[in-house]
Novice: 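The following block contains the structure, expressed as structure tokens.
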Protein chains: 2
Amino acid sequence: MSDVGIKDVAARAGVSPGTVSNVLNRPEKVSPATREKVEAAVRELGFVRHGSASTLRAGHSKTIGLSVIDIGNPFFTDVTAGVEEVASDLGYAVILSNSAGSRAKEERNLLVLAEQRVRGVLITPSDEDPARLDRLRERGISVVLVDHPAHRPDQCSVAVNDIGGGMTAVRHLMERGAKSIVYVTGPLTIRQCLDRRAGAERAYGRPLRVVEMGTMNPRAGQQAAEKLLSEGDLPDAVFCANDLLALGLMRDLTHAGVRVPDDVALVGYDDIDFAAASAVSLTSVRQPTHQLGRVATELLLDECDNPATHAHQQIMFQPELVVRESTR
Amino acid sequence: MSDVGIKDVAARAGVSPGTVSNVLNRPEKVSPATREKVEAAVRELGFVRHGSASTLRAGHSKTIGLSVIDIGNPFFTDVTAGVEEVASDLGYAVILSNSAGSRAKEERNLLVLAEQRVRGVLITPSDEDPARLDRLRERGISVVLVDHPAHRPDQCSVAVNDIGGGMTAVRHLMERGAKSIVYVTGPLTIRQCLDRRAGAERAYGRPLRVVEMGTMNPRAGQQAAEKLLSEGDLPDAVFCANDLLALGLMRDLTHAGVRVPDDVALVGYDDIDFAAASAVSLTSVRQPTHQLGRVATELLLDECDNPATHAHQQIMFQPELVVRESTR
DNA sequence: TGACCGGATCAGAACGTTTCAATCCCGCTC
DNA sequence: GAGCGGGATTGAAACGTTCTGATCCGGTCA
């Protein structure tokens, strides 16, 4: 059992507990000689600060919360990695929670985070309702929206321009000569899917033919291919709301004798690791996911640590088109 | 600012703080009438328990730590999802840390976890040295090893049988008639890569030709393909230490006119989402990753909550071969 | 009637830090 | 040698819970 506390250290070093605390938190305030004595005692006793006591007294903790919609999704995984990197560098612990798209679970998770008195929360909200987040902020917990633009100016957010991404993809297809383009997407209740369509249609100049699938995995892509094939009327190009859809689609088109890109050009979204390595490498829209996580965390911690000077920012990253064989 | 504490609730409900605490922690101990009064007060005041104070007094927290080697890796992502699921169901918060393969970073992260006084730690150790973990356990923090078998009987662990997985893969290739088999792998300093080779060779009956790459992504797979092609002497079958290697390899073999599976059969490992949807779908060895995370967490929380009756277990899951076109 | 019982409630002391006003000590100046 | 200034150090209060032993109260039994 770890029962060595700050006063054991104090006793060992022959100083008062207050001094030990100073060594721990404001080393510059204490003379080098005593500092060394204390540090030695800490080492000898294997003292580890009791975070809860510290949080309780100081009124704020060294933890932040991260609430994502789907841990399994590589997009969030990359974001999470960026978050962890920055947080851990600054000595913060990250409490991870997965709302799995369920509003109830998100609510429960936020409660747990509030109980832990996290310093702030990074959240990809599972719906548009800002009430829960306001309640957090009333509690003095800063909130930064991730992958979701803030509606209000007193709120930080980082997001990626999905409209722009959709435009870029379709503009590229059109420059390549595509006349009829289909948009294959996941549920249109998802903001990303909607925004990408909006951008795509803006570039296209009129409504796109849309194939909407319930999920966004390769299997759904294959089903989308079947649908297109059975309907006969093949487009010259397909824009998919994510790479998994695109790759599944590509596979079944190819199996059916349709050549990519000669018969049908194809653009995906996310630029997952494997996009570059599929049989016909996939043109895709890459998002700076890792960066998204890093910047969000930096904003959050700045808001926490320098509340006076902190300026709220709504950052919008621009995605980048990576051209490969599927549109060449 | 959230400054409503247990005594505000007590005042509002006209009871003592102790009673409120009882309502929160042992509702059965308090009469229905007062319980209701207190619950109403909690609701009206929007009271949220201060976790740190609670931890401080009670001596244990409602958090566990999870330390993985590489958050970005889908294997760990799935494990993490399983962990989060169970923990959150039981009201535990998960503190995530990523050692990124660096022993120093792992050490720092474990210190942070110790400061947070986590109840226990799930860890995929970045090396074999058990000293750090012993130090944690001396502090009363339970430890469960993830994806790494425990050497000692007084230690829980969950792992997947990589030797068995390697055997299964190669046995399958041999049954299919393969005579010369190559093992394409990541760094052989990684236990998984080593174990899979060991199993593979056990099935093969003699040493395998090995192509060792520095990383385990599709690009490395493509480089491995180039190497095999340039050396001329193509095998009948390749077993890859993971799917990304296998898919990259497949792509470049196919581009070079080598037919899969007719000229070269191919087995990957991990059964990632995309294995089923590549141009030639990939035979792969699937691991119960999600399950791994769930069971590990259940073991840990059992060890924490029922230290008396808890029996340490070393669980070894068996992977499963999923046969697809690349070996048909 | 009074002693006794048991369940519900209470009061107050912890838990291990941080904070802040108070104190100490030392070298300087006059 | 007294007085002063200022950096280093101290000691005790406070943070919001939980826990423990004590108290209260209504009812039962002799």
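Quick caveat, the model's predicted, so the values are computed rather than measured. Throughout, a chain's letter reflects where its sequence line sits, starting with A, and its residues are numbered from 1.
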Novice: Is it true that a side-chain atom of N98(B) and a backbone atom of E85(A) form a donor plus acceptor pair closer than 3.5 Å?
Specialist: no
Novice: Distances under 3.5 Å only, N/O to N/O: pair up the protein atoms with those of nucleotides 18-20 of chain D.
Specialist:
residue, atom, partner, partner atom, Å
dT18(D), OP1, N25(B), ND2, 3.0
dT18(D), OP2, S21(B), OG, 2.7
dT18(D), OP2, N25(B), ND2, 3.2
dT18(D), O2, R57(B), NH1, 3.1
dC19(D), OP2, R26(B), NH1, 3.4

Novice: What is the distance, rounded to the nearest whole Å, between atom CG of D3(A) and atom C1' of dT17(C)?
Specialist: 16 Å
Novice: Return the value, rounded to whole Å, for the distance between atom NZ of K62(A) and atom P of dT17(C).
Specialist: 16 Å
Novice: Taking NE2 from H50(B) and P from dG16(D), how many angstroms apart are they, rounded to a whole number?
Specialist: 7 Å
Novice: Whole angstroms only, please: what is the CG-P distance between L56(B) and dA13(C)?
Specialist: 17 Å
Novice: What pairs meet the salt bridge (Lys or Arg N to Asp or Glu O under 4.0 Å) rule with one or both residues in residues 43-69 of chain B, with sequence neighbours excluded?
Specialist: E115(A)-R49(B), R12(B)-E44(B)
Novice: Any side-chain donor-acceptor pair under 3.5 Å between S99(B) and S102(B)?
Specialist: no
Novice: Pairs in or reaching into residues 71-84 of chain B: which pass salt bridge (Lys or Arg N to Asp or Glu O under 4.0 Å), with residues at least two apart or in two chains?
Specialist: K105(A)-E84(B)
Novice: Rounded to 10°, tell me the angle between the two end axes of the helix from dT1(C)-dA30(D) to dC30(C)-dG1(D), each built from five pairs.
Specialist: 70°
Novice: Grab the N/O contacts between the protein and nucleotides 21-26 of chain D below 3.5 Å, and write none if there aren't any.
Specialist:
none

Novice: Distance check needed: dA8(C) C1' versus E28(B) CD, whole Å only.
Specialist: 13 Å
Novice: Is it true that R152(A) and D134(A) have a side-chain N and a carboxylate O under 4.0 angstrom from each other?
Specialist: yes
Novice: Any side-chain to backbone donor/acceptor pair from S52(A) onto L56(B)? Under 3.5 Å, distance only.
Specialist: no
Novice: Is a side-chain N or O of S61(B) found less than 3.5 angstrom from the main chain of R117(B), in a donor-acceptor match?
Specialist: yes
Novice: Can you identify which nucleotide, out of dT9(C), dT17(D), dC15(D), has its nearest atom closest to the K7(B) side chain?
Specialist: dT17(D)
Novice: Side-chain N or O of T34(A) less than 4.0 angstrom from OP1 or OP2 on dT9(D)?
Specialist: yes
Novice: Quick one: salt bridge (Lys or Arg N to Asp or Glu O under 4.0 Å) partners of R103(A), sequence neighbours excluded?
Specialist: E107(A), D127(A), D129(A)
Novice: More than 12 non-hydrogen atoms from neighbouring residues, nucleotides or ligands closer than 6.0 Å to CD on E36(B), yes or no?
Specialist: no
Novice: Does S31(A) put a side-chain nitrogen or oxygen below 4.0 Å from OP1 or OP2 of dT9(D)?
Specialist: yes
Novice: Is R294(A) salt-bridged to D89(A), going by a charged N under 4.0 Å from an acidic O?
Specialist: no
Novice: For the pair made of CG in L45(B) and P in dG16(D), what is the distance, rounded to whole Å?
Specialist: 14 Å
Novice: Would T80(A) and T77(A) count as having a side-chain donor-acceptor pair, cut-off 3.5 Å?
Specialist: no
